[in-house]
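Please read the structure below before turning to the comments.
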Amino acid sequence: MPILALGPSVQPRFTPDVRIRRLPNVMQLHRIVGRFMDRAALKPHAPAQVRFGCAVFDLSDLRLTVRGVDALLSRTEALLLRSLALNAYTPMHRTRLRPDQPDSRGVDVAIHRLRRRLGDDPVNPRYLKTVRGRGYLLLPEAIHDLRPTPN
């Protein structure tokens, strides 16, 4: 479990992963926590593959395979799918998916393209759902951790 320590005199029982000595403003704190959560999600316990029907997304090399054939993803689509896969079953707002462009509709376009690549129905999506007022929700069929477990 990742630990974030706030303040200069914090003496936690555990060593924090990130220590913030002085309190930042709200926007800085949002960025710091977002980066912290992204780093925490990339730790070794993250899943290796996510399956959507006949499609498999490999999180280590950001590759989508549909019916055994590699699907070409743009960098934005690959990073978006990785973010959604690391936070599967949790709605993610577009500002968390693309913090560099919070007012952009680029996330909507990328979601539309991903739905098409996954063979998802845009009217009644099965894997990439829109949760009104909350963001986008990824519902994979299976999440596989293919890394060897330590003995």
Single-linkage hydrophobic cluster, 4.5 Å side-chain cutoff, [X] and [Y] together:
{"X": "L114", "Y": "V109", "value": "no"}
{"X": "L72", "Y": "V69", "value": "no"}
{"X": "L73", "Y": "V50", "value": "yes"}
{"X": "Y136", "Y": "L128", "value": "yes"}
{"X": "V56", "Y": "L62", "value": "no"}

Rounded to the nearest 0.5 Å, what separation is found between the [atom1] atom of [X] and the [atom2] atom of [Y]?
{"X": "L97", "Y": "T76", "atom1": "CG", "atom2": "OG1", "answer": "11.5 Å"}
{"X": "R113", "Y": "L80", "atom1": "CZ", "atom2": "CG", "answer": "11.5 Å"}
{"X": "R134", "Y": "M92", "atom1": "CZ", "atom2": "CE", "answer": "11.5 Å"}
{"X": "S60", "Y": "R82", "atom1": "OG", "atom2": "CZ", "answer": "11.0 Å"}
{"X": "I111", "Y": "K129", "atom1": "CD1", "atom2": "NZ", "answer": "13.5 Å"}

Any side-chain to backbone donor/acceptor pair from [X] onto [Y]? Under 3.5 Å, distance only.
{"X": "Y89", "Y": "L137", "result": "no"}
{"X": "T65", "Y": "G68", "result": "no"}
{"X": "D120", "Y": "Y127", "result": "yes"}

Review point. If you take all heavy atoms of A78 and F57, which pair is closest and at what distance?
Key: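 Scanning both residues completely, I find the closest heavy atoms to be O-CZ, 3.7 Å.
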Practice item. Specify the closest pair of heavy atoms between A55 and L64, including all atoms of both residues, with the distance to one decimal. Key: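 Scanning both residues completely, I find the closest heavy atoms to be CB-CD1, 4.1 Å.
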Check your understanding: Is it true that D108 and R94 make a salt bridge, defined as a side-chain N closer than 4.0 Å to a carboxylate O?
Key ->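 Yes, charged N to carboxylate O under 4.0 Å.
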Review point. Within a strict 4.5 Å, meaning less than it, do heavy atoms of the L59 and Q49 side chains meet?
Key: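 No, too far: nothing below the 4.5 Å cut-off.
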**Study point:** Student check: side-chain heavy atoms of V66 and F52 closer than 4.5 Å
**Key:**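 Result no, sub-4.5 Å side-chain heavy-atom pair not found.
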Review point. Going by atom types alone, do T130 and R115 pair a side-chain donor with an acceptor below 3.5 Å?
Key: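 Their side chains do contain a donor-acceptor pair, which is all the 3.5 Å distance test asks for.
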